Amino acid sequence: MKKELIELNVNGRTHELAIEPSKLLLDALRQDLQLTGSKRGCDDSSCGACTVLVDGIPMLSCTMLAASCEGQEITTVEGVSEHGSLAAIQKAYGDWGGAQCGYCTPGFMMTVKHLLAVNANPTEEEVRSALSSNLCRCTGYSQMYQAIKAAIEAEQKAVPST
Amino acid sequence: MSLPQFRLLRPRSVEEAVGYLATHASNIRVLAGGTDLIPSMRQKLFEPEYVLDVRRIAELQGIRPQRGVGVEIGVLTTLNAIEHSDFLRKHYPVLTEAAATVASPVLRNMGTIGGNICLDTRCLWYNQSLTWRKACGFCIKKNGDLCHVAPGGTKCWAVFSGDTPPALLCLNAEVEIASPSGARRLPLREFYTGIGDDYRKLQPNELLTRVFLPESSADYRGVYRKLRVRGSIDYPLAGVAVVVKRSDGHVSDARLALTAVNPAPVLVKGASAMLSGKTMTEELADKVGDLAARTAKPLTTSALTPEYRREMIRVFTRRAILAIANN
Ligand SMILES: Cc1cc2nc3c(=O)[nH]c(=O)nc-3n(C[C@H](O)[C@H](O)[C@H](O)COP(=O)(O)OP(=O)(O)OC[C@H]3O[C@@H](n4cnc5c(N)ncnc54)[C@H](O)[C@@H]3O)c2cc1C
Ligand code: FES
Ligand code: FES
(Lines give C-alpha, C1' and ligand atoms only; values in the text may rest on other atoms or scores of the structure.)
(Ligands and ions follow the chains in the order given, each with its own letter.)
Protein backbone atom coordinates (compact mmCIF):
# COMPACT_ATOMS: atom_id res chain seq x y z
CA MET A 1 0.00 0.00 0.00
CA LYS A 2 1.20 3.51 -0.80
CA LYS A 3 2.69 5.40 2.12
CA GLU A 4 1.03 8.64 3.08
CA LEU A 5 2.48 11.72 4.65
CA ILE A 6 1.07 12.51 8.08
CA GLU A 7 1.90 14.93 10.86
CA LEU A 8 2.09 13.51 14.34
CA ASN A 9 2.41 15.67 17.43
CA VAL A 10 4.30 13.72 20.08
CA ASN A 11 5.53 15.10 23.40
CA GLY A 12 5.15 18.67 22.16
CA ARG A 13 7.03 18.18 18.87
CA THR A 14 5.54 17.84 15.42
CA HIS A 15 6.94 15.07 13.23
CA GLU A 16 6.28 14.48 9.57
CA LEU A 17 6.07 10.76 8.79
CA ALA A 18 5.57 8.73 5.65
CA ILE A 19 3.60 5.70 6.81
CA GLU A 20 1.08 3.16 5.60
CA PRO A 21 -2.51 3.98 6.63
CA SER A 22 -2.71 0.63 8.41
CA LYS A 23 0.20 1.47 10.72
CA LEU A 24 -0.66 1.26 14.41
CA LEU A 25 0.24 4.23 16.58
CA LEU A 26 2.43 1.98 18.75
CA ASP A 27 4.50 0.95 15.72
CA ALA A 28 4.80 4.51 14.45
CA LEU A 29 6.12 5.57 17.86
CA ARG A 30 8.53 2.67 18.25
CA GLN A 31 9.72 2.13 14.68
CA ASP A 32 9.46 5.53 13.01
CA LEU A 33 10.15 7.82 15.96
CA GLN A 34 12.39 5.47 17.99
CA LEU A 35 10.29 6.19 21.07
CA THR A 36 10.56 2.67 22.43
CA GLY A 37 9.23 3.47 25.92
CA SER A 38 5.71 2.35 25.00
CA LYS A 39 5.62 -1.45 24.99
CA ARG A 40 3.70 -4.16 23.19
CA GLY A 41 2.78 -6.51 26.03
CA CYS A 42 -0.08 -8.58 24.68
CA ASP A 43 -1.04 -7.63 21.14
CA ASP A 44 -4.69 -8.28 21.94
CA SER A 45 -5.62 -4.91 23.41
CA SER A 46 -5.83 -6.08 27.00
CA CYS A 47 -2.58 -5.40 28.93
CA GLY A 48 -2.17 -1.61 28.81
CA ALA A 49 1.66 -1.66 28.37
CA CYS A 50 1.19 0.48 25.25
CA THR A 51 -0.90 3.19 26.97
CA VAL A 52 -0.24 6.76 25.81
CA LEU A 53 -2.20 9.98 26.33
CA VAL A 54 -4.16 11.29 23.37
CA ASP A 55 -5.25 14.86 24.06
CA GLY A 56 -4.61 14.04 27.72
CA ILE A 57 -6.77 10.88 27.78
CA PRO A 58 -5.16 7.43 28.26
CA MET A 59 -5.63 5.19 25.23
CA LEU A 60 -4.06 1.99 23.87
CA SER A 61 -1.59 2.86 21.14
CA CYS A 62 -1.71 -0.75 19.89
CA THR A 63 -5.40 -0.31 19.12
CA MET A 64 -5.29 2.98 17.18
CA LEU A 65 -4.14 3.92 13.72
CA ALA A 66 -1.33 6.47 13.69
CA ALA A 67 -3.07 8.28 10.83
CA SER A 68 -6.24 8.62 12.93
CA CYS A 69 -4.28 10.66 15.48
CA GLU A 70 -3.37 13.48 13.15
CA GLY A 71 -4.21 16.79 14.79
CA GLN A 72 -4.15 15.31 18.29
CA GLU A 73 -1.51 15.65 20.99
CA ILE A 74 0.19 12.44 21.98
CA THR A 75 2.16 12.05 25.19
CA THR A 76 4.33 8.98 25.75
CA VAL A 77 6.38 7.97 28.78
CA GLU A 78 9.31 9.85 27.21
CA GLY A 79 7.29 13.02 27.73
CA VAL A 80 6.63 12.43 31.41
CA SER A 81 9.99 13.44 32.89
CA GLU A 82 10.27 17.05 33.92
CA HIS A 83 13.22 19.18 32.75
CA GLY A 84 15.35 16.09 32.22
CA SER A 85 14.79 14.61 35.68
CA LEU A 86 12.32 11.95 36.76
CA ALA A 87 8.78 13.02 37.64
CA ALA A 88 7.75 12.35 41.26
CA ILE A 89 5.74 9.32 40.24
CA GLN A 90 8.64 7.82 38.26
CA LYS A 91 10.98 8.26 41.21
CA ALA A 92 8.44 6.78 43.62
CA TYR A 93 7.95 3.68 41.41
CA GLY A 94 11.72 3.13 41.62
CA ASP A 95 11.91 3.74 45.36
CA TRP A 96 8.95 1.55 46.31
CA GLY A 97 9.42 -1.39 43.96
CA GLY A 98 6.46 -0.40 41.79
CA ALA A 99 8.56 -1.65 38.88
CA GLN A 100 10.34 -5.01 38.72
CA CYS A 101 10.99 -6.19 35.16
CA GLY A 102 9.63 -2.79 34.14
CA TYR A 103 7.81 -3.92 31.02
CA CYS A 104 4.41 -2.71 32.21
CA THR A 105 5.76 0.47 33.83
CA PRO A 106 5.49 2.94 30.93
CA GLY A 107 1.80 2.07 30.59
CA PHE A 108 1.20 2.48 34.31
CA MET A 109 3.03 5.85 34.23
CA MET A 110 0.56 7.19 31.69
CA THR A 111 -2.47 5.85 33.56
CA VAL A 112 -1.24 7.32 36.85
CA LYS A 113 -0.26 10.62 35.23
CA HIS A 114 -3.82 11.02 33.98
CA LEU A 115 -5.33 9.95 37.30
CA LEU A 116 -3.32 12.55 39.23
CA ALA A 117 -4.04 15.22 36.61
CA VAL A 118 -7.80 14.87 37.07
CA ASN A 119 -7.75 13.96 40.77
CA ALA A 120 -4.79 15.23 42.81
CA ASN A 121 -5.76 13.29 45.91
CA PRO A 122 -7.46 10.03 44.91
CA THR A 123 -8.81 7.54 47.43
CA GLU A 124 -7.35 4.01 47.50
CA GLU A 125 -10.44 2.80 45.65
CA GLU A 126 -10.04 5.44 42.94
CA VAL A 127 -6.39 4.43 42.50
CA ARG A 128 -7.31 0.75 42.22
CA SER A 129 -10.08 1.47 39.77
CA ALA A 130 -7.84 3.66 37.56
CA LEU A 131 -5.06 1.06 37.57
CA SER A 132 -7.47 -1.72 36.61
CA SER A 133 -6.72 -0.96 32.94
CA ASN A 134 -3.13 -2.20 33.22
CA LEU A 135 -1.70 -5.64 33.92
CA CYS A 136 1.55 -6.37 35.75
CA ARG A 137 2.99 -9.87 35.91
CA CYS A 138 5.67 -9.10 38.56
CA THR A 139 4.79 -6.75 41.36
CA GLY A 140 1.40 -7.82 42.65
CA TYR A 141 0.36 -4.15 42.50
CA SER A 142 0.62 -3.37 46.26
CA GLN A 143 3.99 -1.66 45.81
CA MET A 144 2.43 0.50 43.13
CA TYR A 145 -0.28 1.71 45.49
CA GLN A 146 2.45 2.62 47.99
CA ALA A 147 4.49 4.38 45.31
CA ILE A 148 1.49 6.44 44.22
CA LYS A 149 0.77 7.44 47.82
CA ALA A 150 4.42 8.46 48.26
CA ALA A 151 4.37 10.46 45.02
CA ILE A 152 1.24 12.33 46.11
CA GLU A 153 2.87 13.15 49.45
CA ALA A 154 6.06 14.27 47.70
CA GLU A 155 4.05 16.56 45.42
CA GLN A 156 2.17 18.05 48.34
CA LYS A 157 5.43 18.80 50.16
CA ALA A 158 6.90 20.33 47.02
CA VAL A 159 3.99 22.73 46.63
CA PRO A 160 4.04 24.83 49.81
CA SER A 161 0.49 25.40 51.00
CA THR A 162 -0.46 29.02 51.45
CA MET B 1 1.18 -8.17 14.67
CA SER B 2 0.54 -5.63 11.96
CA LEU B 3 -2.80 -4.99 10.34
CA PRO B 4 -3.76 -6.06 6.82
CA GLN B 5 -3.36 -3.24 4.30
CA PHE B 6 -6.26 -0.90 3.53
CA ARG B 7 -7.10 2.61 2.43
CA LEU B 8 -8.18 4.96 5.19
CA LEU B 9 -11.11 7.35 4.75
CA ARG B 10 -11.77 10.04 7.36
CA PRO B 11 -15.06 11.86 6.69
CA ARG B 12 -16.15 14.89 8.71
CA SER B 13 -19.92 14.58 8.20
CA VAL B 14 -22.56 11.84 8.04
CA GLU B 15 -23.27 12.85 4.46
CA GLU B 16 -19.65 12.38 3.44
CA ALA B 17 -19.48 9.06 5.31
CA VAL B 18 -22.62 7.74 3.63
CA GLY B 19 -21.18 8.81 0.28
CA TYR B 20 -18.11 6.66 0.89
CA LEU B 21 -20.27 3.76 2.07
CA ALA B 22 -22.34 3.98 -1.12
CA THR B 23 -19.25 3.94 -3.35
CA HIS B 24 -17.34 1.18 -1.56
CA ALA B 25 -20.17 -0.89 -0.01
CA SER B 26 -18.73 -4.18 -1.20
CA ASN B 27 -15.48 -3.82 0.72
CA ILE B 28 -15.54 -1.32 3.57
CA ARG B 29 -15.61 -1.40 7.40
CA VAL B 30 -16.66 1.33 9.80
CA LEU B 31 -14.09 2.18 12.47
CA ALA B 32 -15.31 3.99 15.60
CA GLY B 33 -13.29 3.46 18.81
CA GLY B 34 -11.62 0.48 17.16
CA THR B 35 -11.50 -1.64 20.32
CA ASP B 36 -13.41 -4.46 18.63
CA LEU B 37 -12.43 -3.96 14.99
CA ILE B 38 -8.65 -3.44 15.37
CA PRO B 39 -8.00 -6.61 17.44
CA SER B 40 -10.12 -8.54 14.90
CA MET B 41 -8.21 -7.07 11.97
CA ARG B 42 -4.95 -8.13 13.61
CA GLN B 43 -6.33 -11.66 13.62
CA LYS B 44 -7.26 -11.29 9.93
CA LEU B 45 -10.94 -11.72 10.71
CA PHE B 46 -11.56 -8.63 8.57
CA GLU B 47 -9.42 -7.55 5.63
CA PRO B 48 -11.41 -4.74 4.04
CA GLU B 49 -10.06 -2.66 1.18
CA TYR B 50 -11.35 0.53 2.84
CA VAL B 51 -11.61 1.53 6.48
CA LEU B 52 -14.00 4.39 7.25
CA ASP B 53 -12.76 6.16 10.38
CA VAL B 54 -15.82 8.07 11.60
CA ARG B 55 -14.27 9.51 14.78
CA ARG B 56 -14.07 13.05 13.36
CA ILE B 57 -17.82 13.37 12.71
CA ALA B 58 -18.67 15.88 15.44
CA GLU B 59 -22.46 15.62 14.94
CA LEU B 60 -22.35 12.00 16.15
CA GLN B 61 -20.94 12.95 19.55
CA GLY B 62 -22.81 13.79 22.69
CA ILE B 63 -25.81 13.21 24.93
CA ARG B 64 -28.78 15.51 24.19
CA PRO B 65 -31.83 15.43 26.44
CA GLN B 66 -35.02 16.43 24.60
CA ARG B 67 -37.73 17.64 26.92
CA GLY B 68 -40.94 15.65 26.62
CA VAL B 69 -39.33 13.16 24.22
CA GLY B 70 -36.39 11.50 25.97
CA VAL B 71 -32.71 11.63 25.14
CA GLU B 72 -30.66 11.31 22.00
CA ILE B 73 -27.17 9.82 22.23
CA GLY B 74 -24.73 10.19 19.32
CA VAL B 75 -23.16 6.83 18.42
CA LEU B 76 -19.62 8.16 18.91
CA THR B 77 -20.27 9.02 22.55
CA THR B 78 -17.69 7.06 24.52
CA LEU B 79 -18.68 4.58 27.19
CA ASN B 80 -16.72 6.75 29.62
CA ALA B 81 -18.96 9.73 28.78
CA ILE B 82 -22.08 7.57 29.24
CA GLU B 83 -20.81 6.20 32.55
CA HIS B 84 -20.16 9.73 33.88
CA SER B 85 -23.27 11.49 32.52
CA ASP B 86 -25.24 12.92 35.47
CA PHE B 87 -28.37 13.09 33.32
CA LEU B 88 -28.21 9.42 32.36
CA ARG B 89 -27.30 8.31 35.87
CA LYS B 90 -30.33 10.13 37.25
CA HIS B 91 -32.90 9.06 34.65
CA TYR B 92 -31.56 5.87 33.04
CA PRO B 93 -29.34 4.33 35.76
CA VAL B 94 -29.31 0.83 34.26
CA LEU B 95 -27.40 2.20 31.27
CA THR B 96 -24.69 4.00 33.26
CA GLU B 97 -24.28 0.93 35.42
CA ALA B 98 -23.87 -1.37 32.42
CA ALA B 99 -21.50 1.05 30.64
CA ALA B 100 -19.28 1.22 33.74
CA THR B 101 -18.66 -2.55 33.58
CA VAL B 102 -17.37 -2.64 29.98
CA ALA B 103 -13.75 -3.76 29.64
CA SER B 104 -11.47 -1.33 31.53
CA PRO B 105 -11.35 2.45 32.13
CA VAL B 106 -8.86 2.98 29.28
CA LEU B 107 -10.93 0.88 26.86
CA ARG B 108 -14.01 2.91 27.88
CA ASN B 109 -12.12 6.08 26.91
CA MET B 110 -11.91 4.63 23.41
CA GLY B 111 -14.99 2.41 22.94
CA THR B 112 -18.22 4.02 21.74
CA ILE B 113 -21.88 3.21 22.40
CA GLY B 114 -22.39 2.62 18.64
CA GLY B 115 -19.52 0.13 18.59
CA ASN B 116 -20.95 -1.59 21.66
CA ILE B 117 -24.32 -2.03 19.93
CA CYS B 118 -22.67 -3.25 16.70
CA LEU B 119 -20.09 -5.41 18.52
CA ASP B 120 -19.23 -8.57 16.63
CA THR B 121 -20.39 -11.84 18.18
CA ARG B 122 -17.61 -13.81 19.89
CA CYS B 123 -16.45 -17.41 20.16
CA LEU B 124 -13.36 -19.16 21.52
CA TRP B 125 -12.95 -20.73 18.06
CA TYR B 126 -13.34 -17.45 16.18
CA ASN B 127 -11.48 -14.72 18.11
CA GLN B 128 -8.10 -16.27 17.36
CA SER B 129 -5.20 -15.66 15.01
CA LEU B 130 -5.29 -16.90 11.45
CA THR B 131 -2.69 -19.59 12.23
CA TRP B 132 -4.73 -20.85 15.19
CA ARG B 133 -7.99 -20.95 13.21
CA LYS B 134 -6.33 -22.67 10.28
CA ALA B 135 -4.81 -25.34 12.54
CA CYS B 136 -8.16 -26.14 14.18
CA GLY B 137 -10.20 -25.95 10.99
CA PHE B 138 -12.02 -22.83 9.83
CA CYS B 139 -15.52 -22.45 11.25
CA ILE B 140 -18.85 -21.29 9.83
CA LYS B 141 -18.37 -17.72 11.02
CA LYS B 142 -15.17 -17.25 9.07
CA ASN B 143 -13.84 -19.08 5.99
CA GLY B 144 -15.20 -22.54 6.81
CA ASP B 145 -18.16 -24.83 7.34
CA LEU B 146 -17.35 -26.48 10.67
CA CYS B 147 -18.84 -25.65 14.04
CA HIS B 148 -16.55 -26.59 16.94
CA VAL B 149 -19.25 -25.67 19.46
CA ALA B 150 -22.11 -27.70 18.00
CA PRO B 151 -20.30 -30.28 15.82
CA GLY B 152 -22.32 -31.29 12.78
CA GLY B 153 -24.49 -28.20 13.07
CA THR B 154 -24.98 -25.61 10.37
CA LYS B 155 -25.94 -22.65 12.56
CA CYS B 156 -23.33 -20.32 14.07
CA TRP B 157 -23.72 -19.86 17.83
CA ALA B 158 -21.08 -17.14 18.39
CA VAL B 159 -22.29 -15.22 21.41
CA PHE B 160 -23.22 -11.53 21.65
CA SER B 161 -21.06 -10.15 24.46
CA GLY B 162 -21.83 -6.43 24.74
CA ASP B 163 -22.82 -4.99 28.11
CA THR B 164 -24.95 -1.97 27.20
CA PRO B 165 -27.44 -3.59 24.75
CA PRO B 166 -29.39 -5.51 27.45
CA ALA B 167 -29.75 -2.22 29.37
CA LEU B 168 -30.81 -0.43 26.18
CA LEU B 169 -33.37 -3.17 25.42
CA CYS B 170 -34.87 -2.71 28.89
CA LEU B 171 -35.16 1.02 28.13
CA ASN B 172 -36.99 0.44 24.80
CA ALA B 173 -34.15 2.11 22.91
CA GLU B 174 -34.37 2.88 19.21
CA VAL B 175 -31.49 3.35 16.79
CA GLU B 176 -31.20 5.61 13.76
CA ILE B 177 -29.48 4.19 10.70
CA ALA B 178 -28.26 6.34 7.80
CA SER B 179 -27.78 4.96 4.30
CA PRO B 180 -27.59 6.30 0.76
CA SER B 181 -31.40 6.11 0.59
CA GLY B 182 -31.95 8.21 3.73
CA ALA B 183 -32.34 7.61 7.46
CA ARG B 184 -34.53 5.03 9.18
CA ARG B 185 -35.36 4.32 12.79
CA LEU B 186 -35.60 0.88 14.29
CA PRO B 187 -36.41 -0.42 17.77
CA LEU B 188 -33.17 -1.96 19.06
CA ARG B 189 -35.03 -5.22 19.74
CA GLU B 190 -35.45 -5.62 15.96
CA PHE B 191 -31.77 -4.90 15.24
CA TYR B 192 -30.42 -8.34 16.19
CA THR B 193 -31.09 -11.58 14.32
CA GLY B 194 -30.00 -14.25 16.82
CA ILE B 195 -27.72 -15.80 14.17
CA GLY B 196 -24.05 -15.76 15.20
CA ASP B 197 -22.47 -15.16 11.81
CA ASP B 198 -25.08 -12.65 10.60
CA TYR B 199 -25.99 -11.07 13.90
CA ARG B 200 -27.22 -7.57 13.08
CA LYS B 201 -29.56 -6.00 10.57
CA LEU B 202 -27.11 -3.50 9.15
CA GLN B 203 -26.23 -3.42 5.47
CA PRO B 204 -22.61 -2.81 4.45
CA ASN B 205 -23.62 0.64 3.15
CA GLU B 206 -25.34 1.68 6.39
CA LEU B 207 -24.10 3.71 9.34
CA LEU B 208 -25.57 3.72 12.83
CA THR B 209 -25.94 7.38 13.79
CA ARG B 210 -27.99 7.87 16.96
CA VAL B 211 -29.57 6.04 19.87
CA PHE B 212 -32.86 7.26 21.37
CA LEU B 213 -34.20 6.53 24.83
CA PRO B 214 -37.88 7.46 25.20
CA GLU B 215 -39.03 9.54 28.14
CA SER B 216 -41.56 6.83 28.94
CA SER B 217 -38.71 4.62 30.14
CA ALA B 218 -37.02 7.32 32.23
CA ASP B 219 -36.82 7.06 36.01
CA TYR B 220 -37.15 3.28 36.27
CA ARG B 221 -34.97 1.75 38.90
CA GLY B 222 -32.33 -0.31 37.19
CA VAL B 223 -29.65 -2.83 37.97
CA TYR B 224 -27.03 -4.57 35.79
CA ARG B 225 -25.16 -7.67 36.99
CA LYS B 226 -22.25 -9.18 35.09
CA LEU B 227 -20.28 -12.41 35.38
CA ARG B 228 -16.60 -12.32 34.47
CA VAL B 229 -13.40 -13.96 35.64
CA ARG B 230 -11.47 -10.78 36.49
CA GLY B 231 -12.94 -7.59 37.91
CA SER B 232 -11.73 -5.58 34.92
CA ILE B 233 -10.84 -5.93 31.22
CA ASP B 234 -12.98 -9.06 30.70
CA TYR B 235 -16.00 -9.43 28.44
CA PRO B 236 -19.20 -10.61 30.15
CA LEU B 237 -19.74 -14.37 30.41
CA ALA B 238 -23.34 -13.75 31.47
CA GLY B 239 -25.15 -10.46 32.06
CA VAL B 240 -28.55 -9.45 33.41
CA ALA B 241 -30.24 -6.04 33.16
CA VAL B 242 -33.47 -5.31 35.03
CA VAL B 243 -35.63 -2.17 35.16
CA VAL B 244 -38.62 -1.76 37.45
CA LYS B 245 -41.17 1.00 37.97
CA ARG B 246 -43.13 0.88 41.21
CA SER B 247 -46.25 2.54 42.52
CA ASP B 248 -47.75 1.96 45.98
CA GLY B 249 -45.28 -0.81 46.74
CA HIS B 250 -46.32 -2.79 43.64
CA VAL B 251 -44.48 -3.25 40.39
CA SER B 252 -46.29 -1.22 37.77
CA ASP B 253 -43.93 -2.10 34.93
CA ALA B 254 -40.70 -4.08 34.52
CA ARG B 255 -38.36 -5.48 31.88
CA LEU B 256 -35.52 -7.96 32.02
CA ALA B 257 -32.82 -8.62 29.40
CA LEU B 258 -29.81 -10.93 29.10
CA THR B 259 -26.47 -10.78 27.36
CA ALA B 260 -23.50 -13.07 26.71
CA VAL B 261 -25.60 -16.26 26.77
CA ASN B 262 -27.18 -16.17 23.28
CA PRO B 263 -26.14 -15.00 19.80
CA ALA B 264 -28.15 -11.81 20.51
CA PRO B 265 -28.95 -9.75 23.59
CA VAL B 266 -32.53 -10.73 24.44
CA LEU B 267 -35.51 -9.39 26.36
CA VAL B 268 -36.87 -12.19 28.53
CA LYS B 269 -40.40 -12.88 27.29
CA GLY B 270 -42.98 -13.12 30.03
CA ALA B 271 -40.85 -11.39 32.67
CA SER B 272 -42.88 -8.16 32.53
CA ALA B 273 -46.15 -10.03 32.95
CA MET B 274 -44.72 -12.11 35.78
CA LEU B 275 -43.62 -9.01 37.71
CA SER B 276 -46.34 -6.47 36.91
CA GLY B 277 -48.91 -5.81 39.60
CA LYS B 278 -46.96 -7.87 42.16
CA THR B 279 -44.98 -7.13 45.28
CA MET B 280 -41.35 -8.10 44.87
CA THR B 281 -40.83 -11.07 47.19
CA GLU B 282 -38.14 -13.74 47.32
CA GLU B 283 -40.58 -16.27 45.81
CA LEU B 284 -41.32 -13.98 42.89
CA ALA B 285 -37.59 -13.27 42.39
CA ASP B 286 -37.00 -17.06 42.27
CA LYS B 287 -39.72 -17.54 39.67
CA VAL B 288 -38.35 -14.80 37.43
CA GLY B 289 -34.83 -16.21 37.91
CA ASP B 290 -36.06 -19.61 36.63
CA LEU B 291 -37.65 -17.96 33.61
CA ALA B 292 -34.44 -16.04 32.82
CA ALA B 293 -32.34 -19.22 33.11
CA ARG B 294 -34.69 -20.97 30.63
CA THR B 295 -34.21 -18.10 28.15
CA ALA B 296 -30.42 -18.36 28.36
CA LYS B 297 -28.82 -20.83 25.93
CA PRO B 298 -25.12 -20.65 26.78
CA LEU B 299 -22.78 -22.97 24.87
CA THR B 300 -19.03 -23.63 24.92
CA THR B 301 -18.33 -20.41 23.01
CA SER B 302 -16.78 -18.76 26.06
CA ALA B 303 -14.79 -19.43 29.22
CA LEU B 304 -16.55 -21.18 32.17
CA THR B 305 -19.06 -23.96 31.64
CA PRO B 306 -22.45 -23.33 30.04
CA GLU B 307 -24.13 -24.86 33.14
CA TYR B 308 -22.43 -22.38 35.45
CA ARG B 309 -23.22 -19.40 33.21
CA ARG B 310 -26.89 -20.40 33.01
CA GLU B 311 -27.03 -20.85 36.78
CA MET B 312 -25.48 -17.39 37.25
CA ILE B 313 -28.23 -15.90 35.06
CA ARG B 314 -30.72 -17.32 37.57
CA VAL B 315 -28.71 -16.05 40.54
CA PHE B 316 -28.08 -12.57 39.10
CA THR B 317 -31.72 -12.14 38.08
CA ARG B 318 -32.83 -13.00 41.57
CA ARG B 319 -30.24 -10.73 43.17
CA ALA B 320 -31.01 -7.86 40.81
CA ILE B 321 -34.73 -8.01 41.59
CA LEU B 322 -34.12 -8.20 45.34
CA ALA B 323 -31.60 -5.34 45.14
CA ILE B 324 -34.30 -3.16 43.58
CA ALA B 325 -36.92 -4.38 46.07
CA ASN B 326 -34.73 -3.60 49.07
CA ASN B 327 -33.54 -0.23 47.86
C1 LIG C 1 -9.68 -6.52 26.18
C2 LIG C 1 -11.07 -6.11 25.76
C3 LIG C 1 -12.13 -6.29 26.63
C4 LIG C 1 -13.42 -5.92 26.29
N5 LIG C 1 -14.42 -6.11 27.18
C6 LIG C 1 -15.68 -5.74 26.86
C7 LIG C 1 -16.72 -5.89 27.81
O8 LIG C 1 -16.50 -6.28 28.95
N9 LIG C 1 -17.98 -5.57 27.44
C10 LIG C 1 -18.26 -5.09 26.19
O11 LIG C 1 -19.42 -4.80 25.93
N12 LIG C 1 -17.29 -4.91 25.27
C13 LIG C 1 -16.00 -5.21 25.58
N14 LIG C 1 -14.99 -5.02 24.67
C15 LIG C 1 -15.32 -4.58 23.32
C16 LIG C 1 -15.32 -3.10 23.07
O17 LIG C 1 -14.33 -2.42 23.81
C18 LIG C 1 -16.66 -2.42 23.34
O19 LIG C 1 -17.71 -3.25 22.96
C20 LIG C 1 -16.76 -1.09 22.61
O21 LIG C 1 -17.95 -0.44 22.98
C22 LIG C 1 -16.73 -1.22 21.10
O23 LIG C 1 -16.87 0.08 20.56
P24 LIG C 1 -15.81 0.67 19.53
O25 LIG C 1 -16.24 2.05 19.24
O26 LIG C 1 -14.43 0.50 20.01
O27 LIG C 1 -16.09 -0.30 18.31
P28 LIG C 1 -15.31 -0.58 16.93
O29 LIG C 1 -14.25 -1.57 17.14
O30 LIG C 1 -14.93 0.73 16.31
O31 LIG C 1 -16.49 -1.19 16.11
C32 LIG C 1 -17.10 -2.42 16.48
C33 LIG C 1 -17.96 -2.95 15.33
O34 LIG C 1 -19.07 -2.11 15.09
C35 LIG C 1 -19.02 -1.50 13.81
N36 LIG C 1 -19.41 -0.11 14.01
C37 LIG C 1 -18.95 0.74 14.99
N38 LIG C 1 -19.60 1.91 14.94
C39 LIG C 1 -20.47 1.82 13.92
C40 LIG C 1 -21.44 2.71 13.36
N41 LIG C 1 -21.61 3.94 13.85
N42 LIG C 1 -22.18 2.29 12.31
C43 LIG C 1 -22.00 1.04 11.80
N44 LIG C 1 -21.12 0.16 12.28
C45 LIG C 1 -20.37 0.53 13.32
C46 LIG C 1 -17.59 -1.70 13.32
O47 LIG C 1 -17.52 -1.78 11.93
C48 LIG C 1 -17.23 -3.01 13.99
O49 LIG C 1 -17.77 -4.09 13.27
C50 LIG C 1 -13.67 -5.35 25.00
C51 LIG C 1 -12.60 -5.15 24.13
C52 LIG C 1 -11.31 -5.52 24.49
C53 LIG C 1 -10.18 -5.28 23.54
S1 FES D 1 -0.01 -4.07 23.82
FE2 FES D 1 -1.64 -2.64 23.81
S3 FES D 1 -2.94 -3.45 25.32
FE4 FES D 1 -1.30 -4.88 25.38
S1 FES E 1 7.04 -5.02 36.52
FE2 FES E 1 7.16 -6.79 35.28
S3 FES E 1 5.18 -6.79 34.36
FE4 FES E 1 5.00 -5.21 35.78
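None of the values given here were measured: they were computed from a predicted structure. As a basis for the values below, the full set of heavy atoms in this structure was taken, side chains included, without hydrogen atoms, waters or symmetry mates. Per chain, numbering begins at 1; letters A, B, ... match sequence-line order.
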Inset, instruction - Taking the side chain as every heavy atom from C-beta outward, state whether B/Leu3 and A/Leu65 have any atom pair closer than 4.5 Å. - result: yes

Legend entry - Spatial distance of atom CG (A/Asp43) from atom OG (B/Ser129) [nearest 0.5 Å]: 10.5 Å

Legend entry - Atom group of B/Leu37 that falls short of 4.5 Å from chain A, counting heavy atoms: neither

Inset, instruction - Might you confirm whether atom CD of A/Gln100 has over 12 heavy atoms from other residues, nucleotides or ligands at distances under 6.0 Å? - result: yes

Inset, instruction - Please report the closest heavy-atom contact between B/Leu8 and A/Pro21, naming both atoms and the distance. - result: CB-CB, 3.8 Å

Inset, instruction - Please flag which part of A/Leu135 lies under 4.5 Å from any non-hydrogen atom of chain B: side chain, backbone, both or neither. - result: side chain

Inset, instruction - With side chain to side chain contact (heavy atoms under 4.5 Å, CB included) as the test, would you mind laying out the steps for A/Cys62 and B/Arg42 before giving the verdict? - result: CA-CA 10 Å; A/Cys62 76; B/Arg42 268 196 226 112; 3.4 Å; yes

Inset, instruction - Check whether any side-chain heavy atom of A/Lys2 sits under 4.5 Å from a side-chain heavy atom of B/Arg7, and report yes or no. - result: no

Legend entry - More than 12 heavy atoms of other groups within 6.0 Å of B/Arg230 CZ: yes

Inset, instruction - Mark yes or no for whether A/Ser133, through its side chain, and B/Val106, through its backbone, hold a donor-acceptor pair below 3.5 Å. - result: yes

Inset, instruction - Would you kindly say whether B/Arg56 and A/Ser68 are connected by a side-chain donor-acceptor distance under 3.5 Å? - result: no

Legend entry - B/Asn127 and A/Asp44, any side-chain heavy atoms less than 4.5 Å apart: no

Legend entry - Proximity breakdown for A/Leu24 and chain B, heavy-atom pairs closer than 4.5 Å: side chain

Legend entry - Sidechain-backbone polar pair: B/Arg10 side chain, A/Ala67 backbone, donor-acceptor under 3.5 Å: yes

Inset, instruction - Answer yes or no: are there more than 12 heavy-atom neighbours, outside A/Arg137 itself, under 6.0 Å from its atom CZ? - result: no

Legend entry - Side-chain heavy-atom pair B/Asn109, A/Val54 within 4.5 angstrom cut-off: no

Legend entry - B/Ile38 versus chain A, the contacting section by heavy-atom distance below 4.5 Å: side chain

Legend entry - Within 6.0 Å of CD in B/Gln128, more than 12 heavy atoms from elsewhere: yes

Inset, instruction - Hey, could you give me the CD/OG distance between A/Gln31 and B/Ser2, rounded to the nearest 0.5 Å? - result: 8.5 Å

Legend entry - Sub-4.5 Å side-chain heavy-atom contact between A/Ser132 and B/Pro105: yes

Legend entry - Spatial distance of atom OG (B/Ser104) from atom CG (A/Leu60) [nearest 0.5 Å]: 6.5 Å

Legend entry - NZ/A/Lys149: more than 12 non-hydrogen atoms of other groups inside 6.0 Å: no

Legend entry - Closest-packed option against chain B by number of heavy-atom pairs under 4.5 Å, given A/Cys47, A/Ser45, A/Gly48: A/Ser45

